[in-house]
Protein chains: 2
Amino acid sequence: MTTNSLPTDGNANHYRHLEQHFRYLINQEALLPGDKLPSEREIGEQFRLTRITVRQALQTLEAQGLIYRQNRRGWFVSPPAVIYKPAQRKSFVEYVSKQGLHPQTELISQELIAADQQLSKQMQTSKGTPLLKLHRRRSIEGRPVLIEHMILNVNLLSGIEKEDLSQSLTRMLPRFGQTYHAMDLTFKSTALPTSAATDLGIAAGLPGLQIERINYNESGEIIEIDYEYWRHDAVIIQVGIHGQ
Amino acid sequence: MTTNSLPTDGNANHYRHLEQHFRYLINQEALLPGDKLPSEREIGEQFRLTRITVRQALQTLEAQGLIYRQNRRGWFVSPPAVIYKPAQRKSFVEYVSKQGLHPQTELISQELIAADQQLSKQMQTSKGTPLLKLHRRRSIEGRPVLIEHMILNVNLLSGIEKEDLSQSLTRMLPRFGQTYHAMDLTFKSTALPTSAATDLGIAAGLPGLQIERINYNESGEIIEIDYEYWRHDAVIIQVGIHGQ
DNA sequence: GTTCAAATCTGGTATAGACCAGATATACAA
DNA sequence: TTGTATATCTGGTCTATACCAGATTTGAAC
């Protein structure tokens with residue numbers, strides 16, 4: 001058999017060098033958050049590496065949260081992660097702004113439905129209860145970072161479906177005589193489901209952080225259940241646990 | 001230029017089919033937790049795909065937490081994730097066992113040191129305070145899932161360095177007149193640092209979950225600071241937040 | 001200037017083949 | 001039976017090349 005390839009140098013860890021190169025540029029602030037990296041092909045030419053090797057390096061940097069990609073648009077330097085402290089009960093807009101970053105919320109869809117068997121059980125309410133399903137996308141510094149699927153108990157928030165639902169719910173609740181009192185949180189590091197990945201404009205199957213949040217009012221009724229899918233590199237969670 | 005390749009069929013999503021195939025086998029329990037998958041080369045032959053394509057499918061399943069790899073040993077089906085509820089203050093051994101899984105702890109290293117400038121600040125104690133650095137690996141069902149780096153204040157736990165430190169600290173503390181009272185937790189989804197990845201026997205740069213935990217006693221002194229690096233697919237975290 | 005179709009650029013997916021290092025199994029010697 | 005050297009297997013890294021689909025830019029027509 002003839003071989004028509006160059007030597008493969010199969011264990012030289014070229015992609016680690018590339019990784020170091022970009023890590024250095026980012027640390028030195030030669031590349032700033034939001035900046036676009038050269039295309040995979042350009043990087044390959046510059047470093048005399050194949051695209052596969054270049055992609056491996058970029059994917060490693062992505063796993064480390066230093067860069068991210070936008071489908072068929074290119075690779076970009078990640079903005080810093082936002083710190084989320086659930087116990088403070090601040091709205092997304094509030095805690096992102098306080099950290100000097102610029103939040104945005106888009107309403108993707110809303111739907112008024114009646115609770116079926118499964119949903120009524122989940123929401124601890126009776127069958128037929130009116131529920132509002134919300135689907136929103138939230139961005140920081142123009143980068144989509146989180147997809148939200150919410151289910152609200154409209155019996156506790158009657159008329160809420162007529163509000164501007166791209167606004168903060170946390171701030172809206174007092175007008176309906178409700179406040180978040182207790183919440184149950186579940187965190188899980190998992191691959192983003194296809195739909196969430198599409199909404200975030202990234203490739204499916206990338207690692208992400210899933211947060212499930214059940215919000216109770218003072219009476220212990222469920223106001224709202226919230227499923228959030230975050231870009232893995234966009235958030236740091238801090239929780240304090242006190243007393244016995 | 002001559003072309004000596006077969007058509008590349010460059011957008012057929014073959015690896016999604018492979019992904020579905022194994023997902024199905026795992027769901028049907030034709031493949032059980034801990035089972036070894038065929039080698040990448042065997043899978044490639046069976047499905048007439050290149051190894052690169054096969055690897056892409058396997059890596060996607062890995063991101064979803066369904067399978068994991070051991071360096072140069074092969075791919076295996078993941079055991080179910082363990083649920084960790086920090087507020088319950090149960091030991092690792094306790095909450096893993098309660099879920100019907102088998103925990104193990106290995107002490108990798110221990111070192112008695114004196115607090116320098118930085119450490120004393122971190123531990124909120126005076127310079128020169130004796131500290132114990134622990135480095136442990138914990139496994140579930142024989143699979144290493146977490147690397148722990150701990151720093152203990154020996155002034156609060158004098159003589160602890162003579163104990164068997166592969167045992168549960170949580171259970172050991174009462175003997176030293178200490179109990180975990182409050183804790184501050186920070187969660188971050190990030191790539192595993194090289195050292196942690198090596199200790200877990202996996203490739204560096206894979207996504208993981210980093211937990212930082214600061215444990216306080218009743219007097220508000222720091223007993224211990226704990227840095228944990230978890231396999232991303234090995235743990236689900238649940239926290240309840242109550243009261244204002 | 002505005003509109004819209006075509007060219008171009010970018011990442012996504014894929015084939016074919018290769019060498020390396022660590023883990024494992026095998027066979028042989030003591 | 002017990003080591004131990006060796007062959008083999010497996011994933012890890014790499015070259016070279018190709019086509020596809022969506023995003024962006026370009027340029028011509030209006």
Quick one: which of C:dT13, C:dA23, C:dA16 gets closest to the side chain of B:Arg73? C:dA23

So what does A:Ser39 hit on the nucleic acid, given a heavy-atom distance under 4.0 Å: a base, only sugar-phosphate, or nothing? sugar-phosphate

Considering only C:dG17, D:dG12, D:dA23, which nucleotide approaches the side chain of A:Arg72 most closely? D:dA23

In whole angstroms, the gap separating C1' of D:dT10 from CD of B:Glu42 amounts to 10 Å

Using heavy atoms to find the nearest nucleotide of DNA chain C for B:Gln56 and B:Ile52 separately, return the residue whose nucleotide is more 5′. B:Gln56

Would you please say whether a donor-acceptor pair under 3.5 Å links the side chains of B:Asp199 and B:His135? yes

Protein-nucleotide distance (A:Gln59, atom CD; D:dT13, atom P), rounded to Å: 12 Å

Should the side chain of B:Arg69 and the base of D:dG12 be counted as holding a donor-acceptor pair, with the cut-off at 3.5 Å? no

Both conditions, 6.0 Å and 45 degrees, for the charged tip of A:Arg69 above the ring of A:Phe76: are they met here? no

Over how many whole Å does the gap from B:Asn13 atom CG to D:dG22 atom P extend? 11 Å

Taking CD1 from A:Ile43 and P from C:dC9, how many angstroms apart are they, rounded to a whole number? 17 Å

For B:Lys36 and A:Thr50, take the nucleotide of DNA chain D holding the closest heavy atom to each; which residue's nucleotide lies nearer the 5' end? B:Lys36

Just by distance, no angles: are the side chains of A:Arg143 and A:Gln70 close enough, under 3.5 Å, to form a donor-acceptor pair? no

Compare the minimum distances between each of C:dT15, C:dT13, D:dG12 and the side chain of B:Asn71, then state the nucleotide with the smallest one. D:dG12

From CZ of A:Arg41 over to P of D:dA16, roughly how many Å is that when rounded to an integer? 16 Å

Round to a whole Å and report the spacing from CD1 of A:Ile67 to P of C:dG11. 10 Å

B:Glu40 and B:Trp75 side chains, donor-acceptor separation under 3.5 Å: yes

Between B:Phe47 (CZ) and C:dT13 (C1'), how many Å, whole number? 18 Å

